[in-house]
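Structure, as structure tokens:
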Amino acid sequence: GSLAREIRARGFLLETRMRPMLKIKSPQDLGTAALLMLLGVVGLWAGGDYTMGTVARMGPGYMPRALSIGLILFALWIGAGAFVRNGPPIGRLAWRPLAFVIAAIVLFAIMIRPLGLWPSTFLVVLFCGVATPDARWKEVAILSVGLATFVVLVFVYGLNQTIDPVGPWLEPWWKPVKALFVPAEP
């Protein structure tokens with residue numbers, strides 16, 4: 001009130017707005033960090049009831065907790081960068097890619113048992129190729145074959161996971177092909 005009027009009357013400038021201590025230089029990075037932080041916290045909360053175990057004898061809660069903590073640390077790193085590096089503002093949400101990727105995850109969960117790992121991975125990568133109108137179908141098809149083959153080699157043959165490379169729906173077509181490449185079991 002009266003103090004401000006007196007200061008103005010004497011010719012002094014009165015700063016009425018405070019400057020922010022930290023300036024957000026990359027809103028997109030800050031938004032990404034907030035989402036990753038939320039996912040990490042939800043992961044810690046959801047996996048909180050599982051036993052942790054040790055590094056040598058991991059319990060069911062070890063990996064979810066480790067991944068959630070890693071996600072939170074990654075979010076802190078990205079969030080700190082939002083105050084240091086200049087970056088783009090938060091743009092319009094691209095609904096088409098988001099819908100296709102979420103649908104691909106749901107389709108993979110539905111297809112993995114009846115079709116098996118290789119066909120499910122192949123179809124999901126093809127489906128995700130539709131998410132962008134810029135996709136080149138030849139490249140998407142090559143990526144689908146390569147990624148599906150890599151996933152089967154790593155998880156089924158490398159890590160000995162009990163996932164069928166080809167599921168029961170495709171077993172009649174898979175048996176002759178499998179006989180060509182995999183020796184018969186004694």
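Quick note: numbers below take in every heavy atom, side chains included, and nothing from hydrogens, waters or symmetry partners.
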Review point. Hey, does Leu76 have a side-chain heavy atom less than 4.5 Å from the side chain of Met37?
Key: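 When only atoms from C-beta onward are counted, Leu76 and Met37 do touch, with a gap below 4.5 Å.
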Practice item. Please tell me if the side chains of Val156 and Leu117 come closer than 4.5 Å, counting only heavy atoms from C-beta onward. Key: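 The answer is yes, as the side chains (C-beta and beyond) meet within the 4.5 Å cut-off.
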Donor-acceptor list for residues 58-72 side chains, cut-off 3.5 Å, not counting sequence neighbours:
from  : atom 1 : to    : atom 2 : distance (Å)
Ser68 : OG     : Leu44 : N      : 3.4
Ser68 : OG     : Pro64 : O      : 2.8

Specify the closest pair of heavy atoms between [X] and [Y], including all atoms of both residues, with the distance to one decimal.
X      : Y      : value
Gly129 : Ala135 : O-CB, 3.1 Å
Val130 : Arg96  : O-NH2, 2.8 Å
Ala104 : Cys128 : CB-SG, 3.5 Å
Leu126 : Trp137 : O-CZ3, 3.9 Å
Leu30  : Gly79  : CD1-O, 4.3 Å
Arg85  : Ser26  : O-CB, 3.5 Å

If hydrophobic clusters are built by linking Ile, Leu, Val, Met, Phe, Trp and Tyr wherever their side-chain heavy atoms come under 4.5 Å apart, do [X] and [Y] end up in the same one?
X      : Y      : value
Leu153 : Ile112 : yes
Val42  : Ile105 : no
Ile78  : Leu39  : yes
Val125 : Ile142 : no
Phe127 : Trp169 : yes

Exercise for review: Please name all residues satisfying salt bridge (Lys or Arg N to Asp or Glu O under 4.0 Å) with Arg57, sequence neighbours left out, ordered by chain then number.
Suggested key: none
Check your understanding: Quick one: salt bridge (Lys or Arg N to Asp or Glu O under 4.0 Å) partners of Arg92, sequence neighbours excluded?
Key -> none
Answer yes or no: does atom [atom1] of [X] have more than 12 heavy-atom neighbours from other residues, nucleotides or ligands under 6.0 Å?
X      : atom1 : result
Arg113 : CZ    : no
Phe100 : CZ    : yes
Tyr50  : OH    : no
Leu143 : CG    : yes

Practice item. Would you mind telling me which of Val151, Val145, Leu147 makes a side chain to side chain contact (heavy atoms under 4.5 Å, CB included) with Thr149? Key: Val145
**Study point:** Option among Leu123, Asp164, Thr121, Ile110 that satisfies the side chain to side chain contact (heavy atoms under 4.5 Å, CB included) test with Leu115
**Key:**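 Exactly one pass, corresponding to Leu123.
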**Study point:** Inter-residue atom distance Phe74.CZ - Thr32.OG1, 0.5 Å rounding
**Key:** 9.5 Å
Check your understanding: Is the backbone N or O of Met111 less than 3.5 Å from a side-chain atom of Ser120, with the two atoms forming a donor-acceptor pair by type?
Key ->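 Yes, Ser120 side chain to Met111 backbone: donor-acceptor pair under 3.5 Å.
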